[in-house]
Structure formats: structure tokens, C-alpha cells
2 protein chains.
Amino acid sequence: MPETEVKPPLAVEAAATPLRARRSVYPEPFFTMMAGREKRPLGDLFGLRNFGVNLTRLAPGGRSALLHRHTKQDEFVYIVAGSPTLVTDRGETALKPGMCAGFPAGGVAHCLVNRTESDVLYLEVGDRTPGDLGEYPADDLAASLGADGSWRFTHKDGRPY
Amino acid sequence: MPETEVKPPLAVEAAATPLRARRSVYPEPFFTMMAGREKRPLGDLFGLRNFGVNLTRLAPGGRSALLHRHTKQDEFVYIVAGSPTLVTDRGETALKPGMCAGFPAGGVAHCLVNRTESDVLYLEVGDRTPGDLGEYPADDLAASLGADGSWRFTHKDGRPY
């Protein structure tokens, strides 16, 4: 047993927390497209297991993800700073701080794109329902969530990347 | 079939969304203690099912909840405006905008209290794991989540309120 038990903090300043080590889990050429994106995993800091919360920063030209939807997991975003464009397969919407959007499993495909000259900062929430699939209507990519919690990516015909 | 299908909006201004109809689900005398609290259910607006997100406002003197923990559900809060005090059974911490806190199932009992003269605004996230119990270390109250998704409250000895 350790002599001193290290307890997680009661609260933290979100923007001062460590970045996620991996920039993206996408295979190339999609990995490089996420170069303008930084994620700070906030829920994990406190030991949350049922959902994740990230504070994510998009540099000018950056994007949240490929256009995608989940088959089982819900997602939610709340804009903290900046003016991203919400791109979906139902159209586009300009967002600003204080606006939010939710993406139920099986709903519209979506991503945030930063077409401005300033950083965008937003909170993103997603649950961890097992057996989830990621669908990418605009790209030759398919994702499945493994039993170990990691994503596996293939071409749409099943060939590995 | 309806002639026109009403689709949810792609995005909304969080502070302009409708208030939750019920002020609190607590029985008295706890119901009245929540008089300074207003919740705007954001995730529900978009049809999210796996977790809830609320934008919650605490007037001066208001509080988020009784001191409580969940046995199965995780919770997370992010402070948007104002300076609430996070009260836990491990101590108190002063919060300010941009700070966040997470409360894993079975972790510290917690609530936010607004001891200032200004409103507090925060986002709260909680999942919907079934079979959850609410534990209230400072009050004669016990809660269990029914199969219909509603909370049942009793005294700690099981007597109904």
C-alpha cells in the first residue's frame, strides 16, 4: 500500500489540464487532417467511466472530426469560444459561444469546422455504449468499437488501412 | 402520417431554450430548498437518450441539489458564469467560470451552492444507467431510479414521504 493516497482534485481549470497524448486515432490520410485539433480529456481526470467530456480546441482551419455519425452513442457539443461552422448532411449552421448541438445515435452526420482566423473552443460529450459503429458518409472509412474500448478502422469494403 | 415532419434544430442558443417544467422532483421539505434553481434540458431537445445535459442557473442562495452521490451514474459540471462553492464530504472548493468537476459513481457526495450576490450558470452532465440509487449523507432521504426512469424517494428507513 502507498504511504500517501493520491486523490483526484475536487475541481480543475479545464483549459489548464493536460492534452490527450494521441492527436487522432484515424488512419492516414485522415490523421493529418486533424492536425489543428487538441483535446483535453476532462471526465477521465475525475475517473468518469460512463461518458467522456473533452475541452477541444480547433486552430484556424482545424476540424473536430470527419463527417460522421454513431450507431449507438450520443454526442453533444457546447461552444465556449470562437465561431465554428457545424457541417451536417442536412446543411450547415454558424455557431457562436453559448450555442449547443446534440447528435443522437443514428441521427445526422456532423462535424465542426473552423473557417475563421481565431481559435474555437468547445466542450464535447459522448457516452461509451459498447458495440458502437462510426459511419462516414463522405469518406472511404468505417469504424467499429472493440471490446477493449479502442476503435478499429477499415475501408468501407472491409480492407484494413 | 403528418403532412410536414418537424425536425429538431441543428443547434440552439442554450440560454434561450425552455425551462424544465418541474422545479424539483424532491419531496418536501427538500423541494422548497431548490426554489433558486432553474434547469434547461439541452440534450433532450436533440433527442439524446444515453445522457442528459442541462444548463442550470442558481440564483443567489440557490443550490444544485442536496449533498448526494449516485451509486451507478457519473456526473460532470462545467461553470459557465458566476462563482459557486462546491460542497463535498471531502471539503469545499471555490469555483469560477472555466472550472469543471466530475463525480464518478460511488465517489464523493457533492452539491453546488451559490453564496454570492450574482447568478451562477453551469452545464451539468449525467448518464442514465438504470438501477441507480441516490445517497444523501446529510439528510433523511433515499432515492431509487424506477424502471420508468422516474425517481422514488423515501426516508432512510424506507417510509414514504
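Chain naming here is simple, since letters A, B, ... match the order of the sequence lines and numbering starts at 1 in each.
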Best-contacting candidate, [options], against chain A by heavy atom pairs under 4.5 angstrom:
options: B:Glu92, B:Gln73, B:Arg90, B:Lys72; result: B:Arg90
options: B:Gly91, B:Gly98, B:Gly43, B:Ala16; result: B:Gly98
options: B:Val12, B:Leu86, B:Val77; result: B:Val12

Answer with side chain, backbone, both or neither: which region of [X] has an atom nearer than 4.5 Å to a non-hydrogen atom of chain A?
X: B:Tyr78; answer: side chain
X: B:Leu10; answer: both
X: B:Val80; answer: side chain
X: B:Leu123; answer: side chain
X: B:Lys96; answer: side chain
X: B:Val53; answer: side chain
X: B:Leu48; answer: both

Once the angle between the rings of A:Phe76 and B:Phe46 is folded into 0 to 90°, is it parallel (under 30°), tilted (30 to 60°) or perpendicular (over 60°)?
perpendicular
Which pair of heavy atoms, one from B:Asp74 and one from A:Asn50, lies closest together, and at what distance?
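B:Asp74 and A:Asn50 have their closest heavy atoms at OD2-N, 2.8 Å.
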Shortest non-hydrogen contact from A:Ala14 to B:Cys100?
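Closest approach of A:Ala14 to B:Cys100, heavy atoms only: CB-SG, 4.1 Å.
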Of A:Val108, A:Leu42, A:Thr93, the largest count of non-hydrogen pairs under 4.5 angstrom with chain B goes to A:Leu42
Only pairs of heavy atoms separated by less than 4.5 Å count here; which of A:Ile79, A:Thr88, A:Asp127 has the most with chain B?
A:Asp127
A quick test of your reading: do over 12 heavy atoms of other residues, nucleotides or ligands sit less than 6.0 Å from [atom1] of [X]?
X: B:Lys156; atom1: NZ; value: yes
X: A:Glu117; atom1: CD; value: no
X: B:Arg152; atom1: CZ; value: yes

For the hydrophobic clusters of this structure (ILVMFWY residues joined by side-chain heavy atoms under 4.5 Å, transitively), does one cluster hold both [X] and [Y]?
X: B:Phe51; Y: A:Leu55; answer: yes
X: A:Trp151; Y: A:Tyr161; answer: yes
X: B:Tyr136; Y: B:Leu133; answer: no
X: A:Val25; Y: A:Met34; answer: yes
X: B:Tyr26; Y: B:Leu145; answer: yes

